[in-house]
Amino acid sequence: MLLHFWGVRGSISAPLRNEQIQSKIAAVVSRMTPKDVESEEAKMRFLSSLPDWLYGTVGGNTPCVELRSKNGEVFLLDCGTGLRSYSVYGKQPENLHYNIFMSHFHWDHIQGLPFFGQTFNPNTTIDVYSVHPNAEQCFAAQSSPPFFPPNACWPNIRDRFTFHQLEEGVPFEIDGVKINTHRMTHPGDSYSYSFEEDGKKLIYGTDVELQPSDFNIDIQRNYFFKDADVILFDCQYTSPEAIQKINWGHSSFSSAIDFASIWNIKDLYFFHHEPNYDDKKLDSILYAGQNYKKFNADNKVGIHISREGQEIEI
């Protein structure tokens, strides 16, 4: 399975501001020496030595992740503003068929759908999967006047879509990929998905406020998470923020690390980033998470941060 991040922010999109770009430029210039510009090779060596928060960006689009099976089947996980980037820059399947999996229908997870250009191609077919029973009504409402132009509203694209209501905890398959669902604690409910192919397991776990029961190894339903190779997980807050924002529906990065350790997950990718955090702050959170892990000698979880444009093979 191949994973590509198109949108990793939570709550609302957060494009880089002028002052943030200027701050990055100033920080890069302050690191330069005359030797760093003596040749093209020296310039590239200098650029490659820069930290990730300077030489690039985590990105500002809301959640959308592309998953491709070994046979090329396309799974799109949520329809945040990152879906528009996938529409423009992503590799499209030759048969123009897409499988969309919706965790829930808060704005940040549906905003990209009206700008998914492929929906205006009559040859496109889209299967939408959701545990929530009102998926079509949610899509139709945001693509209707006065929220969207009449000539591009829902009735003009409806025929491209087929909707499938899932039952939590009941597994099924698409093109040899085994899929299951798990309800999480989030206002209005959010559902995590697991995808398994050739013995590898990915979990998409956006919008989660971890509860003590989620760590309980005696609760059978929690085994949904056990032994996953990769988990994308809501790490929107620091621990002090999580305490201040109880019932907001999101987790701290430290809780997510403990959770991944309990369930023997190999690699954790911080996801659903706080929109008020700039790249430097997110880099510091990654560093803090890697240090936090060291307090538990048995914790072997790989700690990463999700970045737009990043691809990983599972």
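The two residues Gly117 and Ser87 have their closest heavy-atom pair at N-OG, 3.0 Å. Among all heavy-atom pairs drawn from Gly10 and Pro275, the shortest one is O-CD, 3.4 Å. Considering all non-hydrogen atoms of both residues, Ile100 and Cys79 come closest at CG2-SG, 3.6 Å.
Side-chain contact between Lys24 and Leu16: present, with at least one pair of heavy atoms (C-beta onward) separated by less than 4.5 Å. Annotation: side chain of Leu210 is not in contact with side chain of Thr185 (no heavy-atom distance under 4.5 Å). In this structure the side chain of Asn121 reaches within 4.5 angstrom of the side chain of Thr124, judged on heavy atoms. Residues Phe5 and Leu3 meet the side-chain proximity criterion, which asks for heavy atoms closer than 4.5 Å. The side-chain heavy atoms of Ser192 and Ser103, taken from C-beta on, include no pair separated by under 4.5 Å. Contact of the Arg31 side chain with the Leu54 side chain is registered, since non-hydrogen atoms from C-beta on lie closer than 4.5 Å. You'll find the side chain of Ile174 reaches within 4.5 Å of the side chain of Ile179, heavy atoms only. Here the side chains of Thr119 and Ile126 are in contact, with some heavy-atom distance below 4.5 Å.
Interatomic distance, CZ of Arg183 versus CZ of Phe224, reported as 13.0 Å (0.5 Å rounding). The distance from the CZ atom of Phe120 to the CD atom of Gln118 is 10.0 Å, given to the nearest 0.5 Å. For the atom pair CG of Asp234 and OG of Ser255, the computed distance is 10.5 Å after rounding to the nearest 0.5 Å. Rounding to the nearest 0.5 angstrom, the gap separating the CD atom in Gln310 from the CG atom in Asp52 is 9.0 Å. In this structure, CZ in Phe225 is found 8.5 Å from NZ in Lys201, a value given to the nearest 0.5 Å. To the nearest 0.5 Å, atom CD1 of residue Ile314 and atom CD of residue Glu197 are 10.0 Å apart.
By the ring pair (Phe, Tyr, Trp, His ring centres under 6.0 Å) test, His164 pairs with Tyr129, sequence neighbours left out. Phe195 pairs by the ring pair (Phe, Tyr, Trp, His ring centres under 6.0 Å) definition with Phe75, Phe101, not counting sequence neighbours. In this structure, the salt bridge (charged side-chain N to carboxylate O under 4.0 Å, His left out) partners of Glu19, at least two apart in sequence or on a different chain, are Arg17. Remark: Trp154 pairs with Phe161 by the ring pair (Phe, Tyr, Trp, His ring centres under 6.0 Å) rule, at least two apart or across chains.
By the 6.0 Å contact criterion, CE on Met32 is enclosed, its count of non-hydrogen atoms from other residues, nucleotides or ligands being greater than 12. Atom OH of Tyr287 sits in a sparse spot, with 12 or fewer heavy atoms from other residues, nucleotides or ligands closer than 6.0 Å. Counting heavy atoms of neighbouring residues, nucleotides and ligands inside a 6.0 Å radius, atom NZ of Lys266 exceeds 12 of them. More than 12 heavy-atom neighbours from other residues, nucleotides or ligands sit within 6.0 angstrom of CG on Leu2. Under a cut-off of 6.0 angstrom, the local environment of NZ in Lys91 is sparse, with at most 12 non-hydrogen atoms contributed by other residues, nucleotides or ligands. Crowding of Ile217 atom CD1: a count of heavy atoms from other residues, nucleotides or ligands under 6.0 Å not exceeding 12.
Using modelled atom types and a 3.5 Å distance limit, the side chains of Asp108 and Thr62 yield no donor-acceptor pair. Under 3.5 Å, the side chains of Ser254 and Ser239 contain a donor-acceptor pair of N or O atoms. With no hydrogens or angles considered, a side-chain donor-acceptor pair links Glu241 and Thr238 at under 3.5 Å. One side chain, Glu308 or Asn61, offers a donor N or O that lies under 3.5 Å from an acceptor on the other.
Between Phe233 and Tyr269, the gap from one ring centroid to the other reaches at least 6.0 Å. Under the 6.0 Å cut-off for aromatic ring centres, His186 and His104 qualify, their centroids lying closer than that. Between Phe215 and Trp263, the gap from one ring centroid to the other reaches at least 6.0 Å. Ring centers of Tyr193 and His182: at least 6.0 Å apart, outside the cut-off. Ring-centre distance between His4 and Tyr86: not below the 6.0 Å cut-off. Note: His250 and His273 fail the aromatic proximity criterion, with ring centroids not under 6.0 Å apart.
In this structure, Thr181 contributes its side chain and Gly169 its backbone to a donor-acceptor pair below 3.5 Å. Between the side chain of Arg9 and the backbone N or O of His272, no donor-acceptor pair lies under 3.5 Å. Side-chain atoms of Asn291 do not come within 3.5 Å of backbone N or O of Ala288 as any donor-acceptor pair. At distances below 3.5 Å, at least one donor-acceptor pair connects side-chain atoms of Ser284 with backbone N or O atoms of Lys281.
Met184 and Ile257 end up in the same hydrophobic cluster when Ile, Leu, Val, Met, Phe, Trp and Tyr side chains are linked at under 4.5 Å. Under the 4.5 Å side-chain contact rule for hydrophobic residues, Tyr223 and Leu268 share a cluster. Cluster membership for Val230 and Ile262, using ILVMFWY side-chain heavy atoms within less than 4.5 angstrom, is shared. Put simply, Ile203 and Met102 are part of two different groups of oily side chains (I, L, V, M, F, W, Y) that touch within less than 4.5 Å, one to the next. Residue Val65 is not grouped with residue Val128 when hydrophobic side chains (ILVMFWY) are merged at heavy-atom distances under 4.5 angstrom, including chains of intermediate members.
Below 30°, between 30° and 60°, or above 60°: for Phe253 and Phe270 the angle between ring planes is between 30° and 60°, a tilted geometry. Under the 30°/60° scheme for interplanar angles, the aromatic rings of Phe116 and Tyr98 are found to stand perpendicular.
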Query raised in the report: Could you walk me through whether Glu136 and Arg158 pass the salt bridge (charged side-chain N to carboxylate O under 4.0 Å, His left out) check?
Result: CA-CA 9 Å; Glu136 181 173 356; Arg158 170 63 185 86; 2.4 Å; yes
Report task. Mind running side chain to side chain donor-acceptor pair (under 3.5 Å) on Ser213 and Asn216 for me, showing each step along the way? Result -> CA-CA 5 Å; Ser213 60; Asn216 191 333; over 6 Å; no
Report task. Kindly determine whether Asp189 and His132 satisfy side chain to side chain donor-acceptor pair (under 3.5 Å), including the steps that lead there. Result -> CA-CA 9 Å; Asp189 291 339; His132 291 87; 5.4 Å; no
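Applying the salt bridge (Lys or Arg N to Asp or Glu O under 4.0 Å) rule to pairs touching residues 167-178 yields Glu168-Arg221, sequence neighbours excluded. Screening residues 67-86 for salt bridge (Lys or Arg N to Asp or Glu O under 4.0 Å) gives Glu66-Arg68, Lys70-Asp198 as the qualifying pairs, with residues at least two apart or on separate chains.
Seen from the ring of Phe46, Lys43 does not count as a face-on cation partner, given the 6.0 Å and 45° thresholds.
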